[in-house]
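Everything quoted here is computed from the prediction, not taken from an experiment.
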Amino acid sequence: MSITDGGVRGRDFVGYRIAGAISALVFILLLAWAVFEIFDGDSFVRPEVSMQAAGTEGEAIAERNQGTLLASEVLTARTKMLDERFRTGPSPEGETPELAGGDARIVSTPLEDGTALTSAWAVPSADDAAMLQAAGRVEGLSSLPYANAALYERPAGRDWRIGISDFVTHLGAIAILGMAFLLSAILALRGRVPIRQGKSGRTVKRFGLLERTTHWMTSVSFLGLAFTGIAIAYGETLFVPLGERVMGTLGWWSTWGHVLFAPTFFLGILLMIVMWTHRNLPSKLDLNWLAKFGGMFSDDGDHPPAKKFNAGQKLIFWSAVLGGLVLVATGVTLMFPYYFLGIEGMSWAMLIHAGLAVLMIAIFLGHIYIGSIGMHGAIDAMWSGKVDRNWAEEHHSIWLDEIDTQRSPAE
């Protein structure tokens with residue numbers, strides 16, 4: 001490598017560090033905003049409206065209950081109207097339930113602040129917890145042709161709403177933004193991982209066409225699932241300020257796109273299992289690699305030896321395979337509601353799907369970083385399929401020795 005080449009490469013590496021510093025500043029501000037949203041209280045799930053009985057008979061309910069409008073009495077009466085005919089009519093001689101035929105109706109009015117109710121759901125006091133038992137679901141009768149249409153109240157749904165909207169959403173944002181900040185800070189402080197000896201100009205084949213096609217198909221599918229999933233989960237925060245029409249259009253495309261990217265993602269996972277599982281089984285070499293963190297933070301000394309896949313790549317592989325299979329399984333369950341699971345199972349499936357998805361997005365940000373700007377020469381492995389021999393010798397020395405041993409003298 002000439003002095004001129006080294007100077008150009010040095011300027012490029014400084015540029016990457018400046019870009020990393022700017023990105024780190026942006027992400028730390030976004031991360032601080034996400035943390036603030038957790039504690040300011042206005043983003044948490046809480047009741048926004050109250051259901052009340054209105055009309056002349058509704059006023060009678062209010063008077064009977066000292067000003068408290070109980071919609072439950074109207075619901076009870078309407079449920080009786082849907083009961084079996086031999087109990088309620090429609091015979092004129094049959095007994096008509098109270099309120100069933102009058103002008104009582106249910107209306108909703110905004111609540112100024114439902115935070116107190118949310119707190120009561122999430123953290124009951126010691127006295128309340130000792131006295132109260134969790135209420136069971138309240139079901140009635142319904143003529144609507146879909147599952148659980150007659151389920152009027154399910155108190156466990158409060159826990160699900162808090163879990164999906166407060167826990168997963170907020171902590172997922174922190175995980176994604178936190179990983180983005182960490183990677184940007186590493187780029188700013190450490191810079192790119194260089195090829196210490198520079199490029200030799202000689203290459204060695206690392207991945208074939210089928211392997212690269214599988215990798216890119218799975219990667220693009222995962223990115224599509226990630227972007228559409230983020231739009232679904234965080235659309236109200238990110239896109240509503242741009243206008244309801246933008247959010248509506250984006251939400252429509254994201255809903256359908258999230259389903260369309262799933263088959264190719266699943267196919268890619270299956271192909272990776274077949275092609276790469278035997279090379280990603282744990283070995284003693286992995287402990288040494290992890291202890292030295294792959295030599296990523298030092299340009300002095302040799303990188304720890306590795307076969308075709310080092311310990312870091314093995315962790316990414318098993319995250320993709322195991323996490324991907326769970327995402328597919330829970331996703332299919334959500335695509336066919338109540339076909340495989342009941343409402344409790346569906347709730348858990350959605351919580352697992354959402355929580356694992358944001359965690360995998362954070363993990364694969366690290367994979368994308370190392371495979372692109374984080375390490376000099378790494379992207380060639382999946383772009384052209386060939387890597388420079390000096391890169392292979394520094395990061396996968398055992399694998400390079402195996403390749404050289406298999407070659408004939410002429411090659």
Side-chain angles (χ1 to χ4, degrees), residues 43-45 121 137-139 142 144-176 217-240 247-273 318-365:
S43 297
F44 280 83
V45 171
W121 295 347
R137 63 171 64 186
V138 178
E139 295 190 39
S142 175
L144 297 177
Y146 60 86
N148 293 305
L151 182 58
Y152 291 150
E153 182 179 351
R154 188 176 70 94
R158 300 166 182 169
D159 300 329
W160 171 84
R161 284 174 25 179
I162 292 174
I164 198 73
S165 297
D166 297 339
F167 185 80
V168 172
T169 301
H170 287 287
L171 295 187
I174 289 179
I176 295 172
M217 177 183 69
T218 311
S219 301
V220 171
S221 299
F222 180 80
L223 290 175
L225 291 168
F227 286 129
T228 54
I230 288 174
I232 294 171
Y234 301 100
E236 185 174 355
T237 300
L238 298 176
F239 305 113
V240 165
M247 180 59 208
T249 302
L250 184 63
W252 189 87
W253 282 105
S254 297
T255 301
W256 284 103
H258 202 69
V259 175
L260 294 176
F261 281 114
T264 51
F265 177 70
F266 181 50
L267 176 61
I269 292 294
L270 295 180
L271 290 174
M272 287 195 300
I273 291 174
W318 289 111
S319 297
V321 168
L322 299 180
L325 290 177
V326 174
L327 285 181
V328 170
T330 53
V332 170
T333 301
L334 298 173
M335 288 170 59
F336 299 93
Y338 309 116
Y339 187 84
F340 301 103
L341 299 173
I343 191 167
E344 284 78 12
M346 291 282 295
S347 299
W348 279 106
M350 183 172 287
L351 281 170
I352 294 171
H353 189 85
L356 184 58
V358 293
L359 180 61
M360 288 185 64
I361 291 173
I363 291 174
F364 282 105
L365 282 178

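With hydrogens and angles ignored, the 3.5 Å screen pairs a side-chain donor or acceptor of Thr169 with a backbone N or O of Ile164. No donor-acceptor pair under 3.5 Å is formed between the side chain of Tyr338 and the backbone N or O of Met346.
The distance from the CD1 atom of Ile232 to the OG1 atom of Thr255 is 4.5 Å, given to the nearest 0.5 Å. The structure places CG of Leu327 at 12.0 Å from CZ of Phe266, a figure rounded to the nearest 0.5 Å. Rounded to the nearest 0.5 angstrom, Phe364 CZ and Leu359 CG are separated by 10.0 Å. To the nearest 0.5 Å, atoms CG (Leu260) and CG (Leu225) are separated by 10.0 Å. Here the OG1 atom belonging to Thr330 is positioned 10.5 Å from the CG atom belonging to Leu325, to the nearest 0.5 angstrom. Atom CZ in Phe261 sits 12.5 Å away from atom CE in Met217 (nearest 0.5 Å).
No side-chain heavy atom of Trp348 sits less than 4.5 Å from a side-chain heavy atom of Thr333.
Between Phe222 and Phe265, the angle of the ring planes lies from 30° to 60°, which puts this pair in the tilted group. In this structure, Phe336 and Phe340 have perpendicular ring planes: the angle between them is above 60°, well past the 30° mark.
Of all heavy-atom pairs between Ala175 and Ala362, the closest is O-CB, 3.7 Å. Nearest approach of Tyr234 to Val168, heavy atoms of both residues: OH-O, 4.1 Å. Listed here is the closest heavy atom pair of Leu334 and Pro337: O-CD, 3.7 Å. In terms of heavy atoms, Gly257 sits closest to Thr228 at C-CG2, 4.3 Å. Between Leu365 and Ile176, the shortest heavy-atom contact is CD1-O, 3.7 Å. Scanning all heavy atoms of the two residues, the minimum distance from Gly163 to Leu351 falls at C-CD2, 3.7 Å.
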